[in-house]
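Written below as structure tokens is the structure these notes are about.
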Amino acid sequence: MAIDGSDGKIYFGGKADWFSAPPQRPLREGAVVAAEILSYLAATRDNLWDLYPPGQRRTQVEFEGLAEKVQNFISPYERGQVCLSGFVDGLTAYTDHAGHRLVFNVLDIPADRSKRPSADRCEGFIDDAMNRDSPVAFLTRSHGSREGEVVYHWSLIVRRAGSKVLLADNGTQTSMDFRLWHDTTTLGGGLVFVIRKPL
């Protein structure tokens, strides 16, 4: 996940502020997480190297270029934000365009608690991805500053230990209690991971 920043610092994944277009930060976040997934797959699967073929070390400039390409395939949902289906459809279109037919595994975590998969089911989904060496795109939905507004935030799960997950979140390494989030979130979110062949 390490990326050499133009400022001389090493970042844990990409940052939404690195590229200026489009202006909406939530749309950039979706593109950054999609680019992180592609970067990781290219580095760990010989037959996917062409999804992102930088040199020995990944640089901010290279990553910016990939994120900008990816965001052209991701359709914003509302107010420049990326919902679960928009993220998956955009990433699917990008990989198809690149000549790679990949399998996208998606788990929606709806706001309605009666329809929400259990925390055990969600953690099992994350474990399935980790066992296949595939990071998990993690969508969280939260209330915005305006009445009725929903804010979509994207990060990348790279490891799970017990109820805790390790995230690449806007260039930093962050830990959170996933089970606590699951049990207390009012609007839910979603999980996505990518593999070569169906489960």
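Residues take their numbers from the sequence shown, with the count starting at 1. Predicted model only: the values in this text are computed from it and were never measured.
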Short N-O contact, Asp120 and Arg179, less than 4.0 angstrom: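 Yes, charged N to carboxylate O under 4.0 Å.
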
Salt bridge or not for Asp4 and Arg58, using N-O below 4.0 Å?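 Result for this pair is no, no salt bridge flagged.
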
Heavy-atom distance under 4.5 Å between the side chains of [X] and [Y], does that happen here?
{"X": "Val158", "Y": "Gln173", "answer": "no"}
{"X": "Ile157", "Y": "Leu191", "answer": "yes"}
{"X": "Thr185", "Y": "Arg116", "answer": "yes"}
{"X": "His100", "Y": "Asn47", "answer": "no"}
{"X": "Glu29", "Y": "Asn170", "answer": "no"}
{"X": "Asn72", "Y": "Val70", "answer": "no"}
{"X": "Ser175", "Y": "Leu167", "answer": "no"}
{"X": "Val32", "Y": "Gln71", "answer": "no"}

Going from [atom1] on [X] to [atom2] on [Y], what distance comes out if it is rounded to the nearest 0.5 angstrom?
{"X": "Ile195", "Y": "Asn131", "atom1": "CD1", "atom2": "CG", "result": "11.5 Å"}
{"X": "Ser142", "Y": "Tyr152", "atom1": "OG", "atom2": "OH", "result": "10.5 Å"}
{"X": "Leu48", "Y": "Ser39", "atom1": "CG", "atom2": "OG", "result": "12.0 Å"}
{"X": "Leu102", "Y": "Thr95", "atom1": "CG", "atom2": "OG1", "result": "4.5 Å"}
{"X": "Glu64", "Y": "Trp18", "atom1": "CD", "atom2": "CH2", "result": "7.5 Å"}

Please identify each residue that fulfils side-chain contact (heavy atoms from CB on, under 4.5 Å) with Lys69, with sequence neighbours left out. Tyr94

Which residues pass the side-chain contact (heavy atoms from CB on, under 4.5 Å) test with Asp7, sequence neighbours left out? Lys9, Tyr11

Using side chain to side chain donor-acceptor pair (under 3.5 Å) as the criterion, list what pairs up with His97, not counting sequence neighbours. none

Check [X] against [Y] and note the closest heavy-atom contact, atom names and distance.
{"X": "Ser118", "Y": "His182", "answer": "C-NE2, 3.5 Å"}
{"X": "Asp169", "Y": "Thr174", "answer": "CB-OG1, 4.0 Å"}
{"X": "Ile3", "Y": "Thr59", "answer": "CG2-C, 3.6 Å"}
{"X": "Pro135", "Y": "Tyr40", "answer": "CD-CD2, 3.5 Å"}
{"X": "Ile74", "Y": "Ala31", "answer": "CD1-CA, 4.0 Å"}

Test your reading of the model: is there a side-chain donor-acceptor pair from [X] to the backbone of [Y], 3.5 Å cut-off?
{"X": "Arg141", "Y": "Gly190", "value": "no"}
{"X": "Gln60", "Y": "Ser6", "value": "yes"}
{"X": "Glu36", "Y": "Gly14", "value": "yes"}
{"X": "Asp177", "Y": "Leu180", "value": "yes"}
{"X": "Ser134", "Y": "Val194", "value": "yes"}
{"X": "Tyr52", "Y": "Ile37", "value": "no"}

Please collect all ring-ring contact (aromatic ring centres under 6.0 Å, His included) contacts where either partner lies in residues 109-135, sequence neighbours excluded, each pair once.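 The answer is Phe125-Phe193.
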
Would you list the atom pairs, donor with acceptor, under 3.5 Å between side chains in residues 85-93 and any protein atom, with sequence neighbours excluded?
unit_1 : atom_1 : unit_2 : atom_2 : d
Thr92  : OG1    : Val88  : O      : 2.7

Decide if atom CZ of Arg113 counts as having more than 12 heavy atoms of other residues, nucleotides or ligands within a radius under 6.0 Å.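 Buried by this count: over 12 neighbours within 6.0 Å.
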
Once ring pair (Phe, Tyr, Trp, His ring centres under 6.0 Å) is applied, do any residues pair with Phe178, and if so which ones, sequence neighbours excluded?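 Expected list: Phe138, Trp181.
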
